[in-house]
2 protein chains.
Amino acid sequence: MAATIKDVARRAKVSVASVSRLVNGTGNVRPKSAERIRRAIEELGFRPNAVGRSLKMASTRAIGVVVPSISNPVFADALAGINEEIRAAGYNLMLTVTDYDAANEASAVGALMGHQVDGLILTVADPDDCASLDMLERAGVPYVLVYNQPGGKSRATISVDNVAAGGEVARTLAAFGHRSLGMISGSFEASDRARARQAGFVDETVASGLHAPVICEVDFIDGDIEQVIAGLYRSDGKTPTALFCSNDLLAISVIGALRRCNLKVPEDVSVIGFDGISAGTHLSPTLTTVVQPSREMGRLAASQLLGHLNGQEAPHTTLLPHHLRLGESAGQAPQPVPADLQDNSQPVQKRNLAR
Amino acid sequence: MAATIKDVARRAKVSVASVSRLVNGTGNVRPKSAERIRRAIEELGFRPNAVGRSLKMASTRAIGVVVPSISNPVFADALAGINEEIRAAGYNLMLTVTDYDAANEASAVGALMGHQVDGLILTVADPDDCASLDMLERAGVPYVLVYNQPGGKSRATISVDNVAAGGEVARTLAAFGHRSLGMISGSFEASDRARARQAGFVDETVASGLHAPVICEVDFIDGDIEQVIAGLYRSDGKTPTALFCSNDLLAISVIGALRRCNLKVPEDVSVIGFDGISAGTHLSPTLTTVVQPSREMGRLAASQLLGHLNGQEAPHTTLLPHHLRLGESAGQAPQPVPADLQDNSQPVQKRNLAR
DNA sequence: CTGAAAGCGCTAACAG
DNA sequence: CTGTTAGCGCTTTCAG
């Protein structure tokens, strides 16, 4: 059906070589022939077959992208950035969504390699223990991670400093006067980011003179979250007055669950998320969160990868700045302890946290 | 670098044909040879080059997807559905985001055709006047639209009935006692959906005995929206007590703008969106909206396309059911007119709307 | 400036 | 069962 370069050549009464030269602007062709070729192309509606070209050139001009989810705006935004950069450079995008499943991760990378993508951009569950990544390395296929923050192995990555950010959250909450913190996180196994944020959060909580925070790992099912929250606040003991959620989507669910448990945010419980998805600013209370520059991260990942494909320096680890966006969902700790007890607090350490 | 089928054949001391047969499960090979081939594959880390295969088979087992945006959850959700279906069938996904730009639309389709995708799934600005679509048709490349609802031309589509849905919104609002309706819409030029929703909304508004609604077309810039809202409600005349927004993202922005204009939702103004993005249920007030089954739409589009590629019936137009999700953002019209005036209302028609 | 020809990696007759 | 071979559509020497 579709016309080939051969058809064009025949119709223009030249060799396929000339057509190729004209089409690709490589080498010159006599103006007279050029005109005939152009007409033939026009008449035949010829469009070069990228598969044939790829086979010959050993380059598909396609780059693969592997992300855990696309319904999470964080990944959607990064993808938008990637798309922008990639397309501007004339590359195409092969996308796979893994749904946080490691098996999908592996098969996706395999499929993409089979399709001979020129490079990959991906977010994996665990960059420190990822067979797919090792495979890419062995095969010499360039890649750069986004959001992932490898601990041991040195791998090209674009992310924020999750540990530091988690720490800032702890300090902020402490400065608000909260004495009992908690963290609600999605699967640690499926997210090195969550682990890093937790590590920073716990460390700084303790460093701030508070006791270690309660950590709840939840499945991403609304019912589950509600149960966890209910369980947490049913106990009459020392329950957290502030909750750090490992990502914004989770924070939003947690706020909903809290509300259904008749707990007011932020009056009774403060909530801080992570990511800075735009939906957070439209909620009420508006979401306090750690903002990462998702779109920019995607753009940067793409441009580093493309740069490398064009012979520039290899992609390297880049930590982009994050920042805390103060919304209404986090505020002063409720109910300062009765005056007589208050004297027992530790003013020195308190001053520290307020930094 | 990467091993080819030839390398495997050499190493296993068989012909490339045998390797191909074993790898693809087409034809038999002597168990003895099979074993040698398998070892060779293992040792060489051989992975069939899909480009070579595609060239020979005239099929890339890739399908192209073209959407206006990926940051809008509607498209992200549909894409999730497409991804699911596509991957289960062993296909790959080539994605392009057009950013609502018709020029990008055309070049994306061109690039995808060049890459020889086996079929396309797309949402375009105007399915009734779309050069890309005509080009696909001419080239005989199968495609199915999502969200688009072509008026004239017959094109395979998965969507909801936007006209009917727009009408329902009008009737619902009328039944709530609103007498003055308005619609805020994104670019009509970039969205046939918006046009269809508007058509249904206007028709039913009038059919309900109300005067034609105010229509405001806005750019998708927060500042712009705020200005439009402010302008609309500055006039002391008969301003709408209910606003239908052509999509949820817009509705969320409108609610924000309304709030900044000191208008309460829904006490002063009711707002209804369209799409049913999950963020809407987490807002407060929760968003009233027309829910479309986005993920299912994506899934269905993909399965129809794949079915067609496998020789089943051609994709056809499918209207999936939508439904109104009543949230808190829309309610009874404010301030029933003073009693003496109320008698002037038209009870008969009112009864009609309440149906 | 131009054409002939080789070959990218793979599949599928076809002949043994 | 197995190997040989002819392309799929394209780019690119290499001669002319």
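From a predicted model like this one, the values you see are computed outputs, not experimental measurements.
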- request: Do nucleotides 9-14 of chain D as a string where each nucleotide becomes B, S or -: B if the base has a protein heavy atom under 4.0 Å, S if just the sugar-phosphate does, - if no protein is that close.
  value: BBBB--

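Axis angle between the ends of the helix from dC1(C)-dG16(D) to dG16(C)-dC1(D), five pairs each and rounded to 10 degrees, works out to 40°.
Applying the salt bridge (charged side-chain N to carboxylate O under 4.0 Å, His left out) test to Arg30(B) and every residue at least two apart in sequence or in another chain returns nothing. Arg21(A) meets the salt bridge (charged side-chain N to carboxylate O under 4.0 Å, His left out) test with no other residue; sequence neighbours excluded. Partners of Tyr147(A) under the ring pair (Phe, Tyr, Trp, His ring centres under 6.0 Å) rule, at least two apart in sequence or in another chain, are Phe75(A). Shown here are the side chain to side chain donor-acceptor pair (under 3.5 Å) partners of Gln116(A), two or more places apart in sequence or in another chain: there are none. Residues that satisfy the side chain to side chain donor-acceptor pair (under 3.5 Å) test with Thr317(A), not counting sequence neighbours, are absent from this structure. Contacts of Arg47(B) classified as side chain to side chain donor-acceptor pair (under 3.5 Å), with partners at least two apart in sequence or in another chain: none.
Residues of residues 33-42 of chain B having a heavy atom closer than 4.0 Å to DNA chain D, listed by number: Ser33(B).
Listed by first then second residue, pairs satisfying ring pair (Phe, Tyr, Trp, His ring centres under 6.0 Å) with a partner in residues 89-130 of chain B number zero, not counting sequence neighbours. Screening residues 10-63 of chain B for ring pair (Phe, Tyr, Trp, His ring centres under 6.0 Å) gives no qualifying pairs among residues at least two apart or on separate chains.
Salt-bridge check for Asp192(A) with Arg195(A): failed, with every basic side-chain N at 4.0 Å or more from each acidic carboxylate O.
You can see that DNA chain C meets the heavy atoms of chain A within a 4.0 Å-exclusive cut from dC1(C) to dG9(C), reading 5' to 3'.
Residues Leu309(B) and Pro142(B) come closest through the heavy atom pair CD2-CG, 3.7 Å.
Remark: Leu320(A) CG to Ser159(A) OG distance equals 8.5 Å, nearest 0.5 Å.
Defined by atom type and a distance below 3.5 Å, a donor-acceptor pair is missing between the side-chain atoms of Ser59(A) and Arg53(A).
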